[in-house]
Amino acid sequence: MEQLHIGGKVKNLEAIGDLEGLNYLALHLISKSPLHFINRLKKLKHLRLLLGGREHIREIEENEIDDLEISRVRGFHDLTPITNFRALTRLVIEDQIQLHEIGFDREMKALEELSISNCKGLTRLTGMERLPSVRKLRIFKTAIDYDSFIHQQLPGSLSEMEFATSKRKEDQEIQETLLKLGYQKWSSFQ
């Protein structure tokens, strides 16, 4: 078995850790169940956490996952172990209202695409200089101050960027500024 979607109330979730060939795992509505079993999935490349409730993903140790999506997980507020995902090429964070900060405290050489949307409590995105391969960046409907954000050191590899607040006039001005800085408008993920 290479792909697995699990949802709802599940018993013996820990047994998933025995599926050595698993490459894709989507966990839907898995609330507060420990995620330690993910550390045993050495071939896992794609992880989706959708819905349910959980405060963090700290139990996931260093791994080779290259595609991570966290969407609509109630109570999620801590993304500090993100640098444990050392092979990550794509990170999508959506609808996380209690997430206030995302910080990259170590270099993440593989990360190419970062999309953060509808995280209305998010005020800080730091450590962008530690993402030397990021080509695409999308920040949509957050509390991040554009002027402060754009004046930090950004990766030289960054070529496509969207920064939107959902305020039409402000977004138009931001887009014009980004174009003048040489960034292309964001195109969807590959």
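Residue indices begin at 1 and follow the sequence shown.
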Please report the interatomic distance [atom1]([X]) to [atom2]([Y]), rounded to the nearest 0.5 Å.
| X | Y | atom1 | atom2 | value |
| --- | --- | --- | --- | --- |
| Leu68 | Arg90 | CG | CZ | 9.5 Å |
| His77 | Leu122 | NE2 | CG | 14.0 Å |
| His5 | His28 | NE2 | NE2 | 6.0 Å |

Please say yes or no: joined through hydrophobic side-chain contacts below 4.5 Å, possibly via intermediate residues, are [X] and [Y] part of one cluster?
| X | Y | value |
| --- | --- | --- |
| Leu41 | Leu4 | yes |
| Leu79 | Leu50 | no |
| Leu179 | Phe140 | no |
| Leu49 | Leu13 | yes |

Could you tell me whether [X] atom [atom1] has more than 12 heavy atoms of other residues or ligands within 6.0 Å of it?
| X | atom1 | value |
| --- | --- | --- |
| Ile97 | CD1 | no |
| Asn12 | CG | no |
| Arg72 | CZ | no |
| Gln172 | CD | no |
| Arg48 | CZ | yes |
| Glu20 | CD | no |

Problem set entry | Matching residue for Asp78 among Arg58, Arg54, His56 - test: side chain to side chain donor-acceptor pair (under 3.5 Å) |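 Result: among Arg58, Arg54, His56, Arg58 is the only option passing the side chain to side chain donor-acceptor pair (under 3.5 Å) with Asp78.
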Exercise. If only atom types and distance count, is the side chain of Ser133 paired as donor or acceptor with the main-chain N or O of Lys109 below 3.5 Å?
Worked result: yes
For this session: Determine yes or no for a side-chain-to-main-chain donor-acceptor pair under 3.5 angstrom, with Arg106 supplying the side chain and Arg130 the backbone.
Result: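 A pair under 3.5 Å: no.
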For this session: Salt-bridge test for Lys45 and Glu2: reply yes if a basic N is under 4.0 Å from a carboxylate O, no otherwise.
Result: no
Exercise. So, Lys136 and Glu112, do they make that salt bridge, N to O below 4.0 Å?
Worked result: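 Salt bridge between Lys136 and Glu112, a charged N being under 4.0 Å from a carboxylate O: no.
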Minimum side-chain heavy-atom gap [X]-[Y] below 4.5 Å:
| X | Y | value |
| --- | --- | --- |
| Pro155 | Met128 | yes |
| Ile150 | Leu178 | yes |
| Leu125 | Thr142 | no |

For this session: Look at the rings of Tyr146 and Phe163 and say which category their plane angle falls in: under 30° parallel, 30 to 60° tilted, over 60° perpendicular.
Result: perpendicular
Seminar exercise, completed: From the list Leu25, Asn23, Ile16, side-chain contact (heavy atoms from CB on, under 4.5 Å) partner of Leu44 resolves to Leu25
For this session: Determine the sole option in Leu131, Leu114, Val134 for which the side-chain contact (heavy atoms from CB on, under 4.5 Å) test with Leu158 is passed.
Result: Val134
